[in-house]
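Notes follow once the structure below has been shown.
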Amino acid sequence: MPKNLVIVESPAKARTIAKYLGQDFKVMSSFGHIRDLPKKDIGVDIKNNFKPTYEVPPDKEKAARELKAAAKGVTVWLASDEDREGEAIAWHVCVLLGLEPAKTNRIVFHEITKTAIAKAVAKPRNIDPKLVDAQHARRVLDRLVGYELSPVLWKKVRTGLSAGRVQSVAVRLIVEREREIKAFKAESAYKVTAVFDARGQAVPAELSEKVASDKAAEDFLNSIKSSSFRVTAIAKKPGTRSPNAPFTTSTLQQEASRRLGYSVRRTMVLAQRLYENGHITYMRTDSVNLAGIAIDAAKKYITDNYGDKYGQVRQYKTTSRSAQEAHEAIRPTNIKALSAGADSAQKKLYELIWRRTLASQMAAALVEKTEVEIAISDHSQKFMASGEILEFDGFLKVYGGGKDDRILPDLVEGQALKLKSASALQIFSRPPARYSEASLVKKLEELGIGRPSTYAPTIGTIQDRGYIEKKDLEGEARQLKEFILEAGKVKPTTQEVVVGADRAKLVPTELAEIVNDFLLKYFSSIVDYDFTAKAEEEFDDIAEGKIKWQEVLKRFYEHFHPLIKKSEGASRAEAMKLRQLGKEPKSGEPVAARFGRYGPVLQIGASPAKGDKEAPKPRFAPLPEGATIETVTLEQALPMFDLPRVVGKTEDGEEITANIGPYGPYIKVGKSFISLKEDKPLRIGEARARELIKEHAKAAAKKTVADFGKLKILRGPYGPYITDGKKNAKIPKDKDPEKLTEAEAQKLLDEAPAKTSFRRRQK
DNA sequence: CAGTGAGCGAGCTTCCGCTTGACTT
């Protein structure tokens, strides 16, 4: 029987450490925080000096039971992470096991290697009560903000909403970015480019200044028709490009999004699998530090495979202001393994991590940049030609940026050049980019808001609450004017480009705007971008013993709670942004847009006064696509009251209607609904509707493996399944779904467990 | 999943940060 019990946070870590510790040690996991504030109420006794009530949540009961059983009569070693949360986990484990925090062995290691673990065990310390206090303050502060603020939103806006220190700032960032984009006025200018001839070789160049108007652009091209051109200066400059630091959670999410197109959540699920199978180090980290053995192994690998001159040992320093550095950077556990992972998605992510890690220990790439100045005989402006040649690839050998050489022909100062052609193309200044999941994570990290373990869940939460939507943006076609000088003549022409098209961008809903504006008005200090940073300073003061944690909370609460009281005076109508659009021509009734119980809505006629049952009820309609409460016009609003609209009949004589529902525009035949994408419910014709109905039927047939009437076997995203319209059943792997008989299918369905409720996304 | 927007009232919702499974149509 082992005499020692080591408790870490993660079961995968427990397995690894067990290998290094031998027979005398049993290693178990707490599965993260093993005690927490209760979910159902605030769990903080505010009047009693903010005394928190902690309990074991239902999903941790099993772990708690097993730890208690294993801790009897042995020496316990607390080996949770070395940061504020880890220290608190160690303390909670002590309380759970009835141990004395001041007398229990506390050990930490930043890298999981035999020597690091042996060193830690040789020199145990005790729990740092001040660091635990800092965590109490962090936990209780978040609880007070979340559980006092959210109910205000239930009363003033809609039930079930939420607000918090992290999520409300994330929403604010997205709302404000969207407003910047809406307010942006694109400015036009002209970019002049030219191609010169140097003894038969082409030299592309660009005019050093932009030209403001189309007249100026045309005039300029006309004015250089008979000019002469001469090389007046050649500057060659060596340049270097250095590799980036190894991955943290945030940079891994950004690069996996950019290079592999993975969502933040998908990246974390894949990384978790790689970690559990021992292929990579821990994936929730803010550190760019590599263990000594990892640096040595990378150095050896580089020397053996690419040669000495490709290697350069580098130690990176974190630039993140919130970093707590409890772990290493994310790296392969064995750099000699070029590939790892159970499927191609995992493999791609592993290879990205492998390449980034190796590149971080490689030499800089060397480039030679050439700038050539070309003077125009009768103008003061100059053309500039630039070239870049990669002289030594260095780290780009494994982590390339995919930039091609731009090679200029050999030129000498004073050399005359002949103009082959020139063009002036209209360009527009671009609005700031919408956030993607990954760029939002980057921004939050810069602001010090959120932690590696919460980036992905936070994005999920603000989507679940209906604050933001992930959207593919189609962009719009824009005609760009262009003047081309060729063979001594300037000709006007146009180029069509699509601007603003983008994939998977975060767009705020009207609900987000309402909630954000409300929070900004009544709780500006809480949704302030620096709120977390300031709070962190106070937590640090607690950890350093400069102030008691209850004192920090007291000061905060004396400021915060009056804001809650004050917000109770806010009127619902104010929050709901009622906006009058005009009068309906037929009846003269007022037409308004507002945020209703279920979202944005158009309304004709005033809401009757309370208790007035005689007054006519107002009529309601959804907002047209793309319009918002702030932008919708009377002209756009009026036709919406004609929905639902009869489109026509099918060949069988069934009526087809069109409408806009809570899930977008659709057409309806009998009981089936078909979502509309390009077609508009106000305009779609009978012929087109019939087409869509046929396509829909075809797609449904493709999904059907077998149809027994009441019972159907369908192909879903998780494989084939049996359904009777009410209950679903999986088909065992050893059965061929094509050959299943109705009786067999019925039996499987009857045996399947009853539908369980599984909520990830709320309505 | 494809409405709605009366009124009343009971019962419920909610945070951030640590960690995994079990589960889905």
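A, B, ... follow the sequence lines: proteins, then strands. Residue 1 opens every chain.
What separates CG of A:Leu692 from C1' of B:dA2 is a distance of 16 Å, to the nearest Å. Look at CG on A:Leu643: it is 17 Å from P on B:dA2, rounded to the nearest Å. Rounded to whole angstrom, the span from the CD atom of A:Glu536 across to the C1' atom of B:dG17 amounts to 12 Å. Counting to the nearest Å, the P atom of B:dT4 and the CD1 atom of A:Ile660 are 14 Å from each other. Atom CG of A:Leu519 is separated from atom C1' of B:dC15 by 13 Å (rounded to the nearest Å). As a whole-Å value, the separation of A:Asp36 CG from B:dC16 C1' is 9 Å. Taking atom CZ on A:Arg594 and atom C1' on B:dT4, their separation rounds to 11 Å, with Å as the unit. Note: CG (A:Leu37) to C1' (B:dG17) measures 12 Å, nearest angstrom.
Using a 30° and 60° split on the angle between ring planes, A:Phe556 and A:Phe531 fall in the tilted class, from 30° to 60°. Classification of the A:Phe560-A:Phe523 ring pair by plane angle, with boundaries at 30° and 60°, yields tilted.
With respect to the salt-bridge test (charged N to carboxylate O, under 4.0 angstrom), the residues A:Arg284 and A:Glu9 do not qualify. Using a 4.0 Å cut-off between charged side-chain N and carboxylate O, A:Glu538 and A:Lys534 make no salt bridge. Between A:Asp128 and A:Arg106 no salt bridge is recorded (no basic side-chain N to carboxylate O distance below 4.0 Å). Remark: A:Asp81 engages A:Lys13 in a salt bridge, criterion side-chain N to carboxylate O under 4.0 Å. A salt bridge is absent between A:Arg84 and A:Glu87: the closest approach of a Lys/Arg side-chain nitrogen to an acidic carboxylate oxygen does not fall below 4.0 angstrom.
Nucleic acid contact class of A:Thr458 (heavy atoms, under 4.0 Å, all strands): none. If you check every strand for non-hydrogen atoms under 4.0 Å, A:Lys671 touches nothing. Residue A:Gln603 is out of contact with every strand shown, counting any heavy-atom pair closer than 4.0 Å. Within the nucleic acid shown, A:Thr454 comes within 4.0 Å of at least one base atom, counting heavy atoms only. Among the atoms of the strands shown, none is found under 4.0 Å from any heavy atom of A:Ala88. Among the atoms of the strands shown, only primed sugar atoms or phosphate atoms (P, OP1, OP2) are found under 4.0 Å from some heavy atom of A:Val166. Within the 4.0 angstrom heavy-atom criterion, no nucleotide atom of any strand lies near A:Gly86. No contact: A:Ile42 has no heavy atom under 4.0 Å from any strand.
You'll find a donor-acceptor pair under 3.5 Å spanning the side chain of A:Arg138 and the base of B:dC16, going by distance alone.
In this structure, A:Phe673 forms no aromatic stack with the base of B:dC1, since the conditions of centre separation below 5.5 Å and plane angle below 30° are not both met.
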Check: protein-nucleotides 19-21 of chain B nitrogen or oxygen pairs below 3.5 Å:
residue : atom : partner  : partner atom : Å
B:dT19  : OP1  : A:Tyr282 : OH           : 2.2
B:dT19  : OP2  : A:Tyr282 : OH           : 2.7
B:dT19  : OP2  : A:Arg284 : NE           : 2.8
B:dT19  : O5'  : A:Tyr282 : OH           : 3.1
B:dT19  : O4'  : A:Gly32  : N            : 3.3
B:dT20  : OP1  : A:Ser10  : OG           : 2.7
B:dT20  : OP2  : A:Gln272 : NE2          : 3.0
B:dT20  : OP2  : A:Arg284 : NH2          : 2.8

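Comparing the C1' positions of B:dA2 and B:dA22 gives an interatomic distance of 31 Å, to the nearest angstrom. The separation of B:dC1 from B:dT24, taken at their P atoms, amounts to 16 Å, rounded to a whole angstrom.
Centroid-to-centroid, the aromatic rings of A:Tyr54 and A:His136 come within less than 6.0 Å.
Nearest nucleotide to the side chain of A:Thr159, out of B:dC18, B:dT13, B:dC15: B:dT13.
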Point to revise | Which nucleotides of DNA chain B pair, in dot-bracket form (Watson-Crick or G-U under 3.5 Å, | meaning another strand) | key: .........................
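Checking the phosphate oxygens (OP1, OP2) of B:dC15, a side-chain nitrogen or oxygen of A:Gln167 falls inside 4.0 Å. In terms of phosphate contacts, A:Arg465 brings a side-chain nitrogen or oxygen within less than 4.0 Å of OP1 or OP2 of B:dC15. Close to B:dC15, at under 4.0 Å from its OP1 or OP2, lies a side-chain N or O of A:Ser162. Contact annotation: A:Arg165 reaches the phosphate of B:dG17 (side-chain N/O to OP1 or OP2, under 4.0 Å).
The two residues A:Ile462 and A:Ala170 come nearest to each other via the heavy atoms CD1-CB, 4.1 Å.
Taking the centre and axis of the six-membered ring of A:Tyr467, the NZ or CZ atom of A:Arg465 falls outside the cone set by 45° and 6.0 Å.
A heavy-atom distance below 4.5 Å is not found between the side chains of A:Thr281 and A:Ile112.
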